[in-house]
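Throughout, a chain's letter reflects where its sequence line sits, starting with A, and its residues are numbered from 1.
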Amino acid sequence: MAFGKGCHLHLIDGSAFIFRAYHALPPLTRKSDGMPIGAVSGFCNMLQRYVEGNEGGDVTHVAVIFDKGSHTFRNDLYDKYKANRDEMPEDLRPQIPLTRRATEAFNIACKEMEHYEADDMIATLACQAREAGGRVTIISSDKDLMQLVGDGVVMLDAMKNRVIDVEGVEEKFGVSPDRVVDVQALAGDSVDNVPGAPGIGIKTAALLINEFGSLEELLNRAEEIKQPKRRQTLIEHREQIELSKRLVQLDCDTPLDFTLDDLEVRDPDPERLLGFLAEMEFRTITKRIAEKLGVEAPIIEETSPAAPAAQDEPPAAPIDPEAYEWVQEPGQLAKWVEAIRERGYVAIDTETTGLDEMTCDLVGISLAVEPGVACYVPLCHRDGEEGLFSGPGYSEGQMPLDEALALLRPVLEDPAILKIGQNLKYDLKVLGRYGVAMAPIDDTMLLSYALNAGLHNHGMDALSERYLGHRPIEIKSLIGTGKSQITFDRVPVAEAVKYAAEDADVTLRLWQVFKPQLHVKKVTTVYETLERPLIPVLARMEETGIKVDRDTLSRMSGAFAQKMAALEEEIHGLAGRPFNVGSPKQLGEILFDELSLTMPDGKAPKKGKTGAYGTGADVLEDLATLHDLPRRILDWRQLSKLKSTYTDALQEHINADTGRVHTSYSQAGANTGRLASTEPNLQNIPVRTEEGRRIREAFVAEPGKVLVSLDYSQIELRILAHVADIEALKAAFREGQDIHAATASEMFGVPMEEMTPEIRRQAKAINFGVIYGISGFGLARNLRIPQEEAQGFIDRYFERFPGIKDYMTETTAFAKKMGHVQTLFGRKIHTPEINAKGPGAGFARRAAINAPIQGTAADVIRRAMIRMPAAIADMPAQMLLQVHDELLFEVEANAADALIKRAKEIMEGAALPAVDFSVPMVVEAGSGESWAAAH
DNA sequence: GTCATCACG
DNA sequence: GACGTACGTGATGACC
């Protein structure tokens with residue numbers, strides 16, 4: 001039935017339901033696996049009571065509307081909007097997706113939209129329904145929605161079972177509904193952090209609005225207010241009041257991706273509803289609903305409390321590659337789509353012709369809906385010989401790509417269906433190129449990373465062996481290695497089915513192991529706020545890439561080659577014979593055997609596992625005082641590095657279509673939470689030497705644009721000052737002092753005015769040493785001073801800043817006791833070696849000291865990156881690269897200043913509201929036509 | 001494949 | 001008292 005006159009729309013405020021359910025019920029957990037389900041249980045009860053209450057009523061259309069994401073246009077208007085909200089409780093977070101599934105199970109339309117508040121969607125729907133001549137009931141008690149009341153729109157407080165109509169609103173606000181926003185704008189709202197006018201509450205606001213008729217009139221004629229204080233407040237805070245009005249005014253023009261007609265009331269499908277309730281193990285409500293629907297209640301087995309996933313525990317159903325389905329026909333695929341809809345989630349894996357998501361082609365898609373139940377949809381497999389006039393033809397038993405994607409797209413894009421995968425950033429990018437915007441997603445690699453960082457790697461094969469006791473089919477066995485390697489499209493379909501479907505099956509099983517653990521290990525927030533939302537952000541940065549000028553690199557490469565040739569000749573002369581300058585082994589023999597150089601400190605020159613002489617830069621630096629050769633070698637090596645790794649190799653990575661270099665970020669690579677950049681690594685482009693820095697001149701902006709670089713200043717030291725609570729350091733940061741000079745001054749008693757570069761340099765080395773878990777030996781080597789002297793520095797440092805020593809002791813003790821350390825945002829980094837004997841323990845101790853600091857810094861910039869796309873959505877700007885404490889953007893030149901201002905705010909406030917640092921976070925900015933100029 | 005070296009934060 | 005040490009990464013060329 002199309003929505004129109006005589007129709008009655010119910011709009012349920014989903015978030016209100018959830019929070020009410022959460023707070024009304026004790027923290028229940030699901031028996032079988034410990035998953036928290038208290039709020040879901042309450043939510044289902046409320047939905048059931050709602051449905052029962054409306055039987056025989058006149059409701060024709062209904063929807064539950066949810067909030068999604070935290071950033072909306074209101075945050076752009078006012079960055080502190082809802083800023084004092086507490087973070088969501090740890091045990092509620094995993095229940096949120098389940099409330100969506102519950103709604104779907106009741107067969108009630110479930111709607112949410114990224115970047116839009118539920119309130120605005122409700123407002124838009126209410127307006128549309130009113131215009132169509134229908135009636136609306138908003139089920140909520142949120143006063144922010146009261147502005148919508150009137151003209152056939154009422155609210156219903158479900159708890160008190162009280163209808164709020166125009167009179168009800170007038171009772172609450174003292175004005176008619178159409179003036180409610182005016183009152184709210186004046187009175188403000190501490191819950192949503194809407195400022196309003198200081199000292200004015202609802203009562204006074206209503207009085208003023210009734211007297212002047214409207215807020216605009218009031219502000220224009222503020223001079224006429226008799227009370228001097230009130231008058232002054234209104235005149236002084238005019239802008240703030242106007243801003244407040246924009247914040248509280250609901251938007252009736254939200255661009256909805258559905259219509260009122262989609263919300264028609266539907267009967268629940270008993271099987272689906274009871275299936276969901278049984279899965280949640282809700283006995284009472286399952287029984288009640290089964291009786292009501294007149295069907296048999298599914299049996300919920302009494303299970304013992306979840307045993308931890310043991311390595312030796314056999315998998316639920318054996319993994320059998322022969323049992324997977326080869327999907328050839330649309331009808332077959334439609335059945336899988338149906339199965340996915342019933343489940344509410346699916347594990348997915350895409351097979352492609354290569355590893356480069358930018359250029360590879362989609363070959364097939366595998367799906368799994370429950371352990372052992374998986375399929376493979378081959379799409380572009382080929383067989384036959386590569387002939388002179390004919391290429392290989394498509395294999396039999398495949399579906400046309402378009403047809404398969406058309407069937408799959410609705411579930412892949414359905415916000416109520418969770419897509420599970422291993423390293424889904426890859427699949428997300430591939431599918432994106434075929435016009436499929438996959439969401440929402442869960443990534444088993446990142447689940448493992450949040451749970452197990454520091455314990456092991458997070459590749460699928462290793463996870464499968466460890467957690468499922470199963471070694472999956474190796475890709476090598478299908479495509480081979482090296483020169484004879486083939487692409488996946490040439491793998492016979494029958495073989496591909498086993499391999500690909502097994503991957504999806506394994507992924508699903510891993511998800512079932514990891515997902516409940518998230519809550520048990522208390523890393524749900526880490527996963528939900530630092531891992532999952534970062535996936536699409538990184539995907540977009542990688543797709544965007546950065547423009548690299550080939551000619552610049554090429555020219556530099558030629559210049560380097562010339563210089564190297566000249567140096568090589570000189571080196572051979574100094575050595576007395578030609579040799580491979582690039583071979584450390586040959587060099588060692590020349591230096592120590594043929595030239596018989598000895599180390600200035602008298603130590604023996606040997607080192608290294610292979611027994612070869614060490615010829616590292618530090619060694620050559622020491623030898624440079626005795627002979628000319630080592631210095632020439634150092635020069636040659638610098639050029640060789642720049643040429644091979646940068647000016648030459650980088651050119652290979654310029655994408656032929658885009659003219660840009662597209663790195664790949666590994667989100668679960670570094671144990672501390674840092675990202676790693678590969679193929680190519682754009683996080684180690686030279687900067688420290690003048691010659692190396694020139695490489696950055698090849699990283700450029702498109703014509704008319706500039707590159708903008710923003711980097712956190714001394715973020716790790718600031719975090720150290722905060723976590724170790726060092727008042728002297730904190731004060732230095734607050735006062736914007738040169739932190740290394742301030743440290744030196746404190747340590748050596750030198751006044752800041754008399755600071756010398758040498759003393760400052762030493763203090764700087766100590767500051768960094770502290771972050772790394774300092775030792776006398778390490779500092780001595782770094783500063784090239786005797787170890788006793790270095791130890792003296794360290795002792796003095798600890799004396800002056802006793803909090804540092806305490807921090808180190810406490811952190812080490814924590815790691816020994818718990819087996820992990822953590823960042824301020826709750827990220828856990830495991831330290832399995834900390835209690836080992838031997839040198840390993842030393843490494844582990846220093847890593848444990850460093851990890852919370854490096855990791856917290858990594859978390860901060862992750863938070864900034866996650867918020868960035870929405871914050872700069874209205875600007876002609878793109879985020880390109882992350883280099884641990886730096887973000888690089890490309891932006892239209894005339895918008896650079898605006899971008900810097902906006903991005904800086906996001907970065908400096910990134911820790912809030914979860915962590916409120918006691919030192920300021922400072923971000924420095926630069927811009928220019930190349931990375932060299934911007935940095 | 002492993003090692004040494006060196007680029008970055 | 002001896003031991004071996006800065007933290008975290010990735011790419012390259014030499015060598016086995």
Just distance, no hydrogens or angles: give the donor-acceptor pairs under 3.5 Å from side chains in residues 764-774 of chain A, sequence neighbours left out.
unit_1    : atom_1 : unit_2    : atom_2 : d
Asn767(A) : OD1    : Tyr797(A) : OH     : 3.1
Asn767(A) : ND2    : His740(A) : ND1    : 3.0
Asn767(A) : ND2    : Thr743(A) : OG1    : 3.0

Going by the rule ring-ring contact (aromatic ring centres under 6.0 Å, His included), which residues pair with [X] if we only count those two or more places apart in sequence or in a different chain?
X         : result
Phe592(A) : Tyr613(A)
His653(A) : none
Tyr646(A) : none

Expected output is a numbered-order residue list: members of residues 808-822 of chain A with a heavy atom under 4.0 Å from any atom of DNA chain B. What is it? none
For a quick check of understanding: with a heavy-atom distance under 4.0 Å over all strands, which category does [X] fall into, base, sugar-phosphate or nothing?
X         : answer
Ser775(A) : base
Ala841(A) : nothing
Gly773(A) : nothing
Ile771(A) : nothing
Ser677(A) : sugar-phosphate
Phe768(A) : nothing
Ala649(A) : sugar-phosphate

In plain terms, say whether Lys904(A) and Glu924(A) are close enough for a salt bridge, that is, a side-chain N and a carboxylate O under 4.0 Å apart. no
Does Lys563(A) come within less than 4.0 Å of Asp635(A), counting only side-chain N to carboxylate O? no
Walking along DNA chain C from 5' to 3', note the first and the last nucleotide with an atom under 4.0 Å from a heavy atom of chain A, and give both. dT5(C) to dC15(C)
Lys547(A): salt bridge (Lys or Arg N to Asp or Glu O under 4.0 Å) partners, not counting sequence neighbours: Glu702(A)
Once each nucleotide of nucleotides 1-9 of chain B is scored for protein heavy atoms under 4.0 Å, what B/S/- sequence comes out, 5' to 3'? ---SSBBBB
All side-chain hydrogen bond (donor to acceptor under 3.5 Å, both in side chains) counterparts of His662(A), not counting sequence neighbours: Thr658(A)
List DNA chain C stems (3 or more consecutive Watson-Crick/G-U pairs, under 3.5 Å)? B:1-9 with C:7-15
List the atom pairs, with distances to 0.1 Å, where a side-chain N or O of residues 714-725 of chain A and a protein N or O form a donor-acceptor pair under 3.5 Å, not counting sequence neighbours.
unit_1    : atom_1 : unit_2    : atom_2 : d
Glu716(A) : OE2    : Arg674(A) : NH2    : 3.4
Arg718(A) : NE     : Ser713(A) : O      : 2.7
Arg718(A) : NH1    : Pro920(A) : O      : 2.8
Arg718(A) : NH2    : Ser713(A) : OG     : 3.4
His722(A) : ND1    : Ser918(A) : N      : 3.0
His722(A) : ND1    : Ser918(A) : OG     : 2.8
Asp725(A) : OD1    : Lys730(A) : NZ     : 2.4

From Leu620(A) atom CG to Leu591(A) atom CG, the distance as rounded to the nearest 0.5 Å: 6.5 Å
No-hydrogen, no-angle side-chain donor-acceptor test under 3.5 Å, Glu886(A) and Ser709(A): yes
Of all heavy-atom pairs linking Ile906(A) and Ala864(A), the shortest is CG2-O, 3.7 Å
Between dA7(B) and dG4(C), how many Å separate the two P atoms, rounded to a whole number? 28 Å
Please, which pairs that meet salt bridge (Lys or Arg N to Asp or Glu O under 4.0 Å) have at least one residue in residues 850-859 of chain A, sequence neighbours excluded? Arg827(A)-Asp859(A)
